[in-house]
Amino acid sequence: MEALKDIRREKFCQIIALEDADGADAAFRAGYGANSHPTRDNYHTLVASRLLQREDVCLRINTIRQKNAEADKDFSKSLINNLKKIIAFD
């Protein structure tokens, strides 16, 4: 799934998927309630709950996690190959 058009929703998804942050913390950091709720409170918990019930948000979080897992797998393979080359050189 492509990036969400709503910037705050996309940032929320990125924070949840990549940092495995608490939903309320992700909503706060994504900018929800920035003017009316300058500190993290129950408002952010409510927003996070509503966002996590949206199909597009859940799909985006899963897409980000899959891409990140693939990148980690590629990095691990590369790292193992480099270590093998170093050991073989000795």
Exercise for review: Report the residues that fulfil side-chain contact (heavy atoms from CB on, under 4.5 Å) with Ile7, sequence neighbours left out, ordered by chain and then residue number.
Suggested key: none
Review point. Does the side chain of Glu70 pick up a donor-acceptor pair with the side chain of Gln66 at under 3.5 Å?
Key: no
Point to revise | Sub-4.5 Å side-chain heavy-atom contact between Asn42 and Leu46 | key: no
Exercise for review: Is it possible for you to say whether Leu18 and Ile61 belong to one hydrophobic cluster, with membership spreading through side-chain heavy-atom contacts below 4.5 Å?
Suggested key: no
Revision key, fill the gap. Sequence neighbours excluded, the answer for salt bridge (charged side-chain N to carboxylate O under 4.0 Å, His left out) partners of Asp6 is none
**Study point:** Set of residues satisfying side-chain contact (heavy atoms from CB on, under 4.5 Å) with respect to Ala24, sequence neighbours excluded
**Key:** Asp22, Arg40, His44, Thr45
Review point. Between Arg65 and Ile16, is a side-chain contact (heavy atoms from CB on, under 4.5 Å) present by the stated rule, with each step listed?
Key: CA-CA 9 Å; Arg65 285 181 175 162; Ile16 291 286; 3.7 Å; yes
Point to revise | Summary of salt bridge (charged side-chain N to carboxylate O under 4.0 Å, His left out) pairs that have at least one residue in residues 41-54, sequence neighbours excluded | key: Arg54-Asp56
Practice item. With sequence neighbours left out, write down each residue that passes salt bridge (charged side-chain N to carboxylate O under 4.0 Å, His left out) with Arg29, or none if nothing qualifies. Key: Glu19, Asp25
Review point. Are Asn62 and Lys67 side-chain neighbours, meaning at least one heavy-atom pair lies under 4.5 Å?
Key: no
Check your understanding: Does a side-chain heavy-atom distance below 4.5 Å link Arg60 with Arg9?
Key -> no
Practice item. Output, in order, the C-alpha distance, side-chain angles, deciding distance and verdict of side-chain contact (heavy atoms from CB on, under 4.5 Å) for Val47 and His37. Key: CA-CA 12 Å; Val47 169; His37 298 271; over 6 Å; no
Study note, to complete from the structure: Heavy atoms of Ile64 and Ala17 approach each other most closely as CG2-CB, 3.5 Å
Check your understanding: Taking Glu10 for the side chain and Ala3 for the main chain, is one N or O donor matched with an acceptor at less than 3.5 Å?
Key -> no
Practice item. State, with a plain yes or no, whether a side-chain heavy atom of Leu51 is found less than 4.5 Å away from one of Tyr32. Key: yes
Exercise for review: Would you kindly confirm whether Tyr43 and Ile15 end up in one hydrophobic cluster when ILVMFWY residues are joined by side chain heavy atoms under 4.5 Å apart?
Suggested key: no
Review point. Side chains of Phe12 and Leu52: closer than 4.5 Å at any heavy-atom pair?
Key: yes
Review point. Quick one: salt bridge (charged side-chain N to carboxylate O under 4.0 Å, His left out) partners of Arg8, sequence neighbours excluded?
Key: none
